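For reference, the structure discussed in these notes is given below.
Because the structure is a prediction, the values reported are computed rather than measured.
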Amino acid sequence: AFLDTNPAAPRGEKFKMTVGGPPGAHADGGYGSMWLLCSADGVRWRRMFGAPVVEGSDTQNVLVFDHAQRRYTGYIRIDSATPREHNRTCPAQVDQRRIGRCDLGLDLTPPWPCHMEMTDNDVLSFDEHDDICLDIYTSGASIYHGVYLFFPSVFSHMVFASKPSSPNDGLLAGMLAVSRDGVTARW
C-alpha cells in the first residue's frame, strides 16, 4: 500500500494497494492475477476496477507514483530462461526471475502493459558476478526523497548432483538495492 501523491488523484483514492488473486484465477489456470485497490482512509478498501490490472502474477508486485516523472510505475517480477546478463543456463532448468519496470503514465485502467515475459525492461537483475541460479523476487520498491529503494528477496538455487530435479533447495536472503532513476538498480 502507498499514499498516492499524484495531485490529480481523487480524494477517495488517495491510498492504493496491489493485491494478488488466487492461483488459477488466470485464464490459462496458471498464475494468479494482480488487482488494484483504493481507499480514502487506508482502512476500508475497494477494488478500483472489475478486472485485474495484470494477469499471470505470483508475487508481490509494487505500484508507485513517481512524482519527479509525474507517472505511475509498476515494479513486477519478470522471467527469463537465459538472461542477457550472461549466456549460461541454470542446470536446474528454472526460469530466472528478476524485477522489471512497467511505465503506466497516468492511466491505471486495466489491462496494464505488464507481464512476466517482458525481457527488455529489467530494473534489478544479476550480472556475471552473481550465481547463475539466482532468482530475484518481491521488489519492495519505494521512493524516498527522490531515491528509489528496493528491498528484494533473493533466492539462490542449490543444485545437487544427487537431486538435479529438485531446484527448490537453496538460500533466501533479503537485500537492499538503490537507484537514482528508477530504471537501473544495483546492490
Side-chain angles (χ1 to χ4, degrees), residues 1-21 25-26 31-80 83-85 97-127 136-154 174-187:
F2 73 101
L3 177 62
D4 189 349
T5 58
N6 179 359
R11 292 177 62 165
E13 299 177 1
K14 289 308 277 187
F15 292 90
K16 293 196 174 60
M17 174 172 41
T18 57
V19 297
H26 188 257
Y31 293 112
S33 301
M34 187 170 81
W35 296 80
L36 184 62
L37 293 99
C38 64
S39 172
D41 59 9
V43 176
R44 292 175 296 273
W45 296 87
R46 65 178 174 82
R47 284 184 180 171
M48 286 187 68
F49 306 105
V53 291
V54 174
E55 291 280 7
S57 175
D58 72 342
T59 193
Q60 294 85 14
N61 297 300
V62 175
L63 173 69
V64 297
F65 181 74
D66 187 330
H67 212 289
Q69 300 292 323
R70 293 188 174 98
R71 68 176 55 224
Y72 291 99
T73 301
Y75 290 100
I76 72 165
R77 191 200 90 194
I78 59 178
D79 293 344
S80 176
R84 69 173 178 262
E85 292 81 5
R97 294 154 175 92
R98 55 193 194 275
I99 304 302
R101 184 174 199 264
C102 182
D103 287 320
L104 301 169
L106 294 174
D107 184 11
L108 295 176
T109 305
W112 291 353
C114 309
H115 50 86
M116 291 193 316
E117 292 80 27
M118 295 186 302
T119 58
D120 60 350
N121 63 343
D122 52 328
V123 173
L124 185 54
S125 190
F126 28 78
D127 61 27
I136 304 171
Y137 290 98
T138 61
S139 71
S142 63
I143 302 172
Y144 182 73
H145 293 282
V147 177
Y148 299 77
L149 301 174
F150 298 86
F151 301 92
S153 56
V154 178
M175 302 289 279
L176 168 65
V178 180
S179 174
R180 286 286 182 186
D181 60 8
V183 175
T184 303
R186 296 286 177 244
W187 46 58

Nearest 0.5 Å please: distance from the [atom1] atom of [X] over to the [atom2] atom of [Y].
X      : Y      : atom1 : atom2 : answer
Arg47  : Cys38  : CZ    : SG    : 12.0 Å
Leu37  : Arg46  : CG    : CZ    : 9.5 Å
Ile78  : Ile99  : CD1   : CD1   : 8.0 Å
Tyr137 : Arg97  : OH    : CZ    : 3.5 Å
Leu63  : Cys102 : CG    : SG    : 9.5 Å
Leu108 : Glu13  : CG    : CD    : 8.5 Å

Taking all heavy atoms of [X] and all of [Y], pick out the closest pair and write down the distance.
X      : Y      : answer
Ile136 : Leu124 : CD1-O, 3.8 Å
Val64  : Ile143 : CG2-CD1, 4.0 Å
Gly42  : Phe15  : N-CD1, 3.4 Å
Tyr75  : Ala141 : CD1-CB, 3.6 Å
Ala1   : Trp45  : CB-CH2, 4.1 Å
Asp181 : Tyr148 : C-CE1, 3.5 Å

Does any N or O in the side chain of [X] come within less than 3.5 Å of the main-chain N or O of [Y], such that one atom is a donor and the other an acceptor?
X      : Y      : answer
Thr138 : Gly140 : no
Lys14  : Asn6   : yes
Arg101 : Thr73  : no
Thr18  : Asn61  : yes

Are [X] and [Y] close enough that some pair of their side-chain heavy atoms sits under 4.5 Å apart?
X      : Y      : answer
Arg71  : Asp103 : yes
Val147 : Arg180 : yes
Val53  : Trp35  : no

- Task: List the steps, then state whether side-chain contact (heavy atoms from CB on, under 4.5 Å) holds for Val123 with Val183.
- Result: CA-CA 5 Å; Val123 173; Val183 175; 5.6 Å; no
- Keeping to residues at least two apart or across chains, list the side chain to side chain donor-acceptor pair (under 3.5 Å) pairs with something in residues 104-114. Asp107-Thr109
- Message: Is there a side-chain contact (heavy atoms from CB on, under 4.5 Å) between Phe2 and Val62? Walk through the geometry before answering.
- Response: CA-CA 9 Å; Phe2 73 101; Val62 175; over 6 Å; no
